[in-house]
Colleague: 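What follows is a structure written as structure tokens; I'll ask about it next.
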Amino acid sequence: MAEFGDKGFWDSLGQYVYGYRDSATSEWLYIGKGNGNRGSSHIKTKGYNVDDLYIIACNLERFEDKVDWQSFLLESFLISYYNPTSNSVSGHYKERFIMS
């Protein structure tokens, strides 16, 4: 597998969902969806540590002809479930999830 940070690594993920987790508390700080190197962009913009970055799911476009509804759905569920502290947007379609 390609080295982290390498364009080949990011390209191999396709449509993916990622998150940053606090290493001390294990709480999710941020959950998002992306393609390319979107997951690493928060290292500069929010000051997150690369060691706290997790790729939660990848190649989601393979479920249906390159449409990103799968990543929206997973991202929304995870944001609704974990309520990360740094997400300013609560995710698309969060009203579809009923937490009980």
Side-chain angles (χ1 to χ4, degrees):
M1 178 172 253
E3 197 172 313
F4 181 82
D6 180 86
K7 183 177 178 346
F9 168 77
W10 292 109
D11 288 345
S12 74
L13 299 177
Q15 286 287 330
Y16 63 93
V17 173
Y18 64 96
Y20 284 87
R21 200 169 197 169
D22 185 312
S23 56
T25 65
S26 294
E27 289 184 34
W28 289 103
L29 301 171
Y30 184 87
I31 295 172
K33 71 170 206 67
N35 55 41
N37 66 351
R38 172 72 177 143
S40 67
S41 68
H42 303 299
I43 294 168
K44 288 183 180 178
T45 61
K46 295 183 186 267
Y48 291 147
N49 186 326
V50 69
D51 293 334
D52 297 331
L53 172 61
Y54 291 83
I55 304 301
I56 299 168
C58 63
N59 300 119
L60 293 169
E61 75 279 358
R62 293 184 183 173
F63 288 103
E64 188 174 302
D65 201 23
K66 301 222 183 232
V67 178
D68 64 354
W69 67 266
Q70 302 90 341
S71 50
F72 275 120
L73 186 67
L74 181 56
E75 173 197 36
S76 295
F77 171 75
L78 293 171
I79 291 171
S80 294
Y81 188 79
Y82 289 110
N83 196 25
T85 57
S86 294
N87 278 85
S88 58
V89 177
S90 57
H92 301 275
Y93 314 113
K94 79 170 199 158
E95 69 279 359
R96 305 281 185 214
F97 304 105
I98 300 168
M99 300 299 175
S100 59

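Model, not experiment: these values are computed from the prediction.
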Colleague: Please verify the inter-ring angle class for Tyr54 with Trp28; under 30° counts as parallel, over 60° as perpendicular, anything in between as tilted.
Modeller: perpendicular
Colleague: Under the 3.5 angstrom rule, does the side chain of Asn37 hit a backbone N or O of Ser40 as a donor-acceptor pair?
Modeller: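 Flag not set: sc Asn37 to bb Ser40 has no pair under 3.5 Å.
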Colleague: Does any part of the side chain of Tyr82, heavy atoms only, come nearer than 4.5 Å to the side chain of Ile31, both counted from C-beta?
Modeller: yes
Colleague: Taking the side chain as everything from C-beta on, heavy atoms only, tell me whether Asp52 gets closer than 4.5 Å to Asp22.
Modeller: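 In short, these two side chains do not touch, never coming nearer than 4.5 Å.
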Colleague: Would you say the side chain of Asn35 lies within less than 4.5 Å of the side chain of Leu13, judging by non-hydrogen atoms?
Modeller: no
Colleague: Please report the interatomic distance CG(Asn49) to OG(Ser23), rounded to the nearest 0.5 Å.
Modeller: 7.0 Å
Colleague: Go through it in stages, so that I can follow the logic: the residues are Tyr18 and Ile56, the test is side chain to side chain contact (heavy atoms under 4.5 Å, CB included), and I'd like the CA-CA distance, side-chain angles, deciding distance and then a yes or no.
Modeller: CA-CA 5 Å; Tyr18 64 96; Ile56 299 168; 5.7 Å; no
Colleague: Please enumerate all residues that pass side-chain hydrogen bond (donor to acceptor under 3.5 Å, both in side chains) together with Asp11, with sequence neighbours excluded.
Modeller: Lys7
Colleague: Run the ring-ring contact (aromatic ring centres under 6.0 Å, His included) test against Tyr48 and tell me which residues pass, sequence neighbours left out.
Modeller: Tyr20
Colleague: What's the separation between atom CG in Asn83 and atom CG in Leu78, rounded to the nearest 0.5 Å?
Modeller: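 Reported to 0.5 Å precision, the distance equals 12.0 Å.
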Colleague: Taking Asn59 for its side chain and Ser12 for its backbone only, find out whether a donor-acceptor pair lies under 3.5 Å.
Modeller: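 Yes.
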Colleague: Report yes if the side chains of Lys33 and Gln15 come closer than 4.5 Å at any heavy-atom pair, otherwise no.
Modeller: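 The answer is yes, as the side chains (C-beta and beyond) meet within the 4.5 Å cut-off.
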Colleague: Check whether any side-chain N or O of Tyr16 sits under 3.5 Å from a backbone N or O of Gly39 as a donor-acceptor pair, and report yes or no.
Modeller: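 Yes; at least one donor-acceptor contact below 3.5 Å.
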Colleague: List for me each residue that meets side-chain contact (heavy atoms from CB on, under 4.5 Å) alongside Thr85, sequence neighbours excluded, and say none if there are none.
Modeller: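 Checked Thr85 against side-chain contact (heavy atoms from CB on, under 4.5 Å); matches are Leu29.
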Colleague: Where is the tightest heavy-atom contact between Pro84 and Ile79, given as atom of each residue plus distance?
Modeller: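 So the two residues come closest at CD-O, 3.7 Å.
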Colleague: Would you indicate whether the side-chain heavy atoms of Arg38 and Trp10 approach each other to under 4.5 Å?
Modeller: no
